[in-house]
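Worksheet: the structure to be examined is printed underneath.
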Amino acid sequence: MLRKMGEAVARVARRVNETVESGSDTLDLADCKLVSFPICIYKVLRNVSDQIHLITLANNELKSLTSKFMTTFSQLRELHLEGNCLYRLPNEVSGLQHLRAIDLSRNQFRDFPEQLTTLPELETLNLEENEIVDVPVEKLATMPALRLINLRLNPLSPEVRVIAPPLIKFDMLMSPEDDAQAPPP
């Protein structure tokens, strides 16, 4: 077990160093068995955090992200958080004014993360395979850039299914009512 942990730590360090050394605008920490965002990474990336436009933290074991994460990486355009254990986002996510796409699929959201409805550049929102029942359709309808929201495999309420179509100008992907429940694990 210690060996696997050591390999995971080495993988994170290698990927962070690659981002810093190459001057890349991407930080990919997918599949690194992270349970939280490592605090030491803030120090290592402090001189380049404004240049990072895409972060991938997919398929880890994250239960939450801190407000520091959101304020440190305020220039993000894309954020991939699919396949974690997230159930909420910090309020500071509303500070990601340049965010165009966020993938929160296969997490544990029961409540729609309404802070995202304040993001002026958000075009794509993926919340597939969560536990969301209610959606703030009226707020979503006022989002100027939103093009697609994926809500497949969520137990959406019948009200959302009826109210949404006439109000929205973007694509809202939903499972057919009979398939609305997520598949068994």
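Counting begins at 1 with the first residue of the sequence. These numbers were taken from a predicted model, which means no experiment stands behind them.
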Original post:
Got a sec: does the CG of Asp111 have more than 12 other heavy atoms crowding it under 6.0 Å?
Top reply: no
**OP:** Kindly check if the number of other-residue, nucleotide or ligand heavy atoms within 6.0 Å of CZ (Arg11) is above 12?
**Re:**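 More than 12 heavy atoms, drawn from other residues, nucleotides or ligands, come within 6.0 Å of this atom.
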Measure the spacing between [atom1] of [X] and [atom2] of [Y] and express it to the nearest 0.5 Å.
| X | Y | atom1 | atom2 | answer |
| --- | --- | --- | --- | --- |
| Leu127 | Asn150 | CG | CG | 8.0 Å |
| Ile52 | Phe73 | CD1 | CZ | 5.0 Å |
| Glu7 | Lys33 | CD | NZ | 8.5 Å |
| Leu151 | Leu125 | CG | CG | 7.0 Å |
| Thr124 | Glu78 | OG1 | CD | 8.5 Å |
| Leu153 | Glu128 | CG | CD | 5.0 Å |

Using the salt bridge (charged side-chain N to carboxylate O under 4.0 Å, His left out) rule, collect all pairs that involve [range], keeping only residues at least two apart or in two chains.
| range | result |
| --- | --- |
| residues 137-148 | Glu114-Lys139 |
| residues 42-56 | none |
| residues 19-28 | Arg15-Asp28 |

Any residue meeting ring-ring contact (aromatic ring centres under 6.0 Å, His included) with [X], in chain and number order, not counting sequence neighbours:
| X | result |
| --- | --- |
| Phe109 | none |
| Phe112 | none |
| Tyr87 | none |

Original post:
Which atoms form the tightest heavy-atom contact between Asn47 and Gln51, and what is the distance?
Top reply: O-NE2, 4.2 Å
**OP:** Considering non-hydrogen atoms only, spot the tightest contact between Met70 and Leu79 and give its length.
**Re:** CE-CD2, 4.5 Å
Original post:
Should the ring pair Phe37 and Tyr42 be called parallel, tilted or perpendicular, given that the plane angle runs from 0 to 90° and is split at 30 and 60?
Top reply: tilted
Measure the shortest side-chain to side-chain distance between [X] and [Y] over non-hydrogen atoms and say whether it is less than 4.5 angstrom.
| X | Y | value |
| --- | --- | --- |
| Thr26 | Thr19 | no |
| Asp171 | Ile149 | no |
| Leu122 | Ile102 | yes |
| Ile168 | Val137 | yes |
| Gln97 | Pro120 | yes |
| Leu57 | Leu34 | yes |
| Ser105 | Glu129 | no |
| Gln115 | Leu89 | yes |

Hydrophobic clustering (ILVMFWY, side-chain heavy atoms < 4.5 Å, transitive) - are [Y] and [X] grouped together?
| X | Y | answer |
| --- | --- | --- |
| Leu54 | Leu96 | no |
| Ile55 | Val48 | yes |
| Leu167 | Leu116 | yes |
| Val20 | Ile41 | yes |

Under 3.5 Å donor-acceptor, [X] side chain and [Y] backbone:
| X | Y | answer |
| --- | --- | --- |
| Asn154 | Leu156 | no |
| Ser22 | Ser24 | yes |
| Asn84 | Asn107 | no |

Original post:
Which of these, Asp103, Leu29, Leu104, sits in a side chain to side chain contact (heavy atoms under 4.5 Å, CB included) with His80?
Top reply: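 Passing option: Asp103.
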Original post:
Taking it one step at a time, do Leu119 and Arg100 satisfy side-chain contact (heavy atoms from CB on, under 4.5 Å)?
Top reply: CA-CA 8 Å; Leu119 300 178; Arg100 292 189 180 125; over 6 Å; no
Original post:
Run the side-chain contact (heavy atoms from CB on, under 4.5 Å) check on Asp134 and Val160 step by step: do they pass?
Top reply: CA-CA 7 Å; Asp134 198 26; Val160 169; 3.7 Å; yes
Original post:
Could you go step by step and tell me if Arg106 and Asn59 meet the side-chain hydrogen bond (donor to acceptor under 3.5 Å, both in side chains) rule?
Top reply: CA-CA 9 Å; Arg106 298 184 343 273; Asn59 305 315; 2.6 Å; yes
